[in-house]
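Here you go, one structure.
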Protein chains: 2
Amino acid sequence: MTRDIDKTGLIPGKVVDRLPLYLRIVKSCLNNQVKVISSEELADAAMVNSATVRRDFTFLGSLGVRGSGYEVEVLYRAISQKLGTNHAWPVIIAGAGNLGKALTNSPGFNSNGFSVVGLFDVDARVIGSQVNDLVVQPMSELNETVKDLTNTIGIIATPPSAAEKTALDMINANILSILNFAPTLLKIDKKVRVRNVDLSLELEVMAFYSTQAANKKSEI
Amino acid sequence: MTRDIDKTGLIPGKVVDRLPLYLRIVKSCLNNQVKVISSEELADAAMVNSATVRRDFTFLGSLGVRGSGYEVEVLYRAISQKLGTNHAWPVIIAGAGNLGKALTNSPGFNSNGFSVVGLFDVDARVIGSQVNDLVVQPMSELNETVKDLTNTIGIIATPPSAAEKTALDMINANILSILNFAPTLLKIDKKVRVRNVDLSLELEVMAFYSTQAANKKSEI
DNA sequence: TAGATTGTTAATCGATTAACAATC
DNA sequence: TAGATTGTTAATCGATTAACAATC
């Protein structure tokens, strides 16, 4: 995960990174009719320290009740609001290969306010094909599709070679938040918010720890 | 990205996280016939501080030449060795949906020593279908496929509901390193190295920064 | 020798957490 | 009032980085 954007001025990036995790836990409490949760319980579920939880929540205001804990409903609203997942986020995906299709169908991309409203590709062989309830559109239709939307988030799920051009097309369509799944560092205008997600990077880090473990075993 | 495994004792997790990035940059130098690179140049490419680069490299030994820089070839070998990407890593993927197929075809999963050697599913409708040069196998064949391999890495690309059982199947097949793409925290034996990759989490963090930016704009 | 860049020290910065007064 | 848990302080821990002596 690359840290391309930060500097909120207000709330530390590390805290922001934990909010979605808290949100997921709190939502499962909601589903299970749990009304109140303590920082200790939440900390257990999130695998962090309870002081960290309490400190993190102070960035959302004074939400808890001393002696009792946090009302789940209150937490849910506060975190959603802070993340912005309480309102709609249209998402468009460029690249209708396996990854693009996987993301289009992914529950995380069609809940919490997010919904995939367009799937684009340049390959004539996939344009027109059906994915879920979407039809793959040519990239040339991007502007038209997003022109009446606000705060559209663009996902780059193209091959690395096409990533840069795709980013420019998105910016041209006034998309200012881009999540890039192609393993390339995009060299684009700083006013655009870019987050890079590199799936194979995780694999290499995993290899490191496996090597460590294997070495340790062989020492015995 | 969750920090489930750490505690190398030797090399800090933050440094490990940067090694794959350095490796990619160094590899591109190799491809471009660049023989020597300074910490300053590398830092620029990786978007970190040059002192950080030099400090990170001390964990790999004393690799540089004062007054000149680092030999690209030397760096490449040292980082590959430390990460373990200098030897073969068999990878098996459970879940032959769009995500599983995307990962199977992903260059990052078929380079740097990694190669996907098996793709598994429980759904009779996809078992037997061809993905790249692999045929989707039933989960019941997992043990047989990996029994002669060492250091196999298992990828969970199943729906969340099947993640836990899949993890147990992998452990049963003696797979001790698991990369989990399902949005569930696996409750399994601590001897198994698990890394969780949550794609939608990134989307929520992105939403936060977009909200920030939108708010800032409306303040003007 | 002059110029450059490493490796390392020491300072700084930021994040985590133990501890506890405040208070439900 | 007794018990529990928050919100916050202060200590600790770890990571980053400026600065520079070492040295190619």
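Below, chain A is the first sequence line, B the second, and so on; all start at residue 1.
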Open item on the list: Between Thr58(B) and Gly67(B), which residue's closest nucleotide on DNA chain C lies nearer the 5′ terminus?
Closed with: Gly67(B)
TODO: Specify the residue among Leu63(A) and Ala51(B) whose closest nucleotide of DNA chain D lies further upstream toward the 5′ end.
DONE: Leu63(A)
Open item on the list: Using 30° and 60° as the class boundaries, would you call the ring planes of Phe57(B) and Tyr70(B) parallel, tilted or perpendicular?
Closed with: perpendicular
Task: Contact check, side chains of Ile11(B) and Phe208(A), non-hydrogen atoms, under 4.5 Å - done: yes
Task: Any Arg54(B) side-chain nitrogen or oxygen under 4.0 Å from OP1 or OP2 of dT9(C) - done: no
Open item on the list: Is there a side-chain contact between Val194(A) and Ile188(A) in this structure, where contact means two heavy atoms from C-beta onward sitting under 4.5 Å apart?
Closed with: yes
Task: Under 4.0 angstrom between Tyr70(B) side-chain N/O and dG7(C) OP1 or OP2 - done: yes
TODO: Ignoring backbone atoms, test whether Ser39(A) places a side-chain nitrogen or oxygen under 4.0 Å from the OP1 or OP2 oxygen of dT6(D).
DONE: yes
Task: From dT17(C), dA15(C), dA15(D), nucleotide with atom closest to Pro12(A) side chain - done: dA15(C)
TODO: Answer yes or no: is there a side-chain heavy-atom contact under 4.5 Å between Tyr22(A) and Val53(A)?
DONE: yes
- [ ] Taking only the side-chain nitrogens and oxygens of Thr52(B), find out if one of them lies under 4.0 Å from OP1 or OP2 of dT17(D).
- [x] yes
Task: Paired nucleotide for dC13(D) [Watson-Crick or G-U wobble; both distances under 3.5 Å] - done: dG14(C)
- [ ] Have a look at Phe57(A) and say if it touches a base, only the backbone sugar-phosphate, or nothing, with a 4.0 Å heavy-atom cut-off.
- [x] nothing
Open item on the list: We want to know whether Lys101(A) and Asn132(A) form a side-chain donor-acceptor pair, criterion being a heavy-atom distance below 3.5 angstrom.
Closed with: no
TODO: Can you figure out which of dG7(C), dT8(D), dC24(C) approaches the side chain of Arg66(B) most closely?
DONE: dG7(C)
Task: Atom pair distance, as rounded to whole Å: CD in Glu40(A) and C1' in dA4(D) - done: 12 Å
Task: Distance below 4.0 Å between Ser62(A) side-chain N/O and dG7(D) OP1 or OP2 - done: yes
- [ ] Among the candidates dT8(D), dT6(D), dT17(D), find the nucleotide nearest to the side-chain atoms of Ser38(A).
- [x] dT6(D)
TODO: Could you tell me the separation between the CE atom of Met47(B) and the P atom of dT16(D), rounded to a whole number of Å?
DONE: 15 Å
- [ ] Name the closest nucleotide to the Asn49(A) side chain, picking from dC24(C), dA18(C), dT9(D).
- [x] dA18(C)
Task: Any-strand Watson-Crick or G-U partner of dA21(D), both distances under 3.5 Å - done: dT6(C)
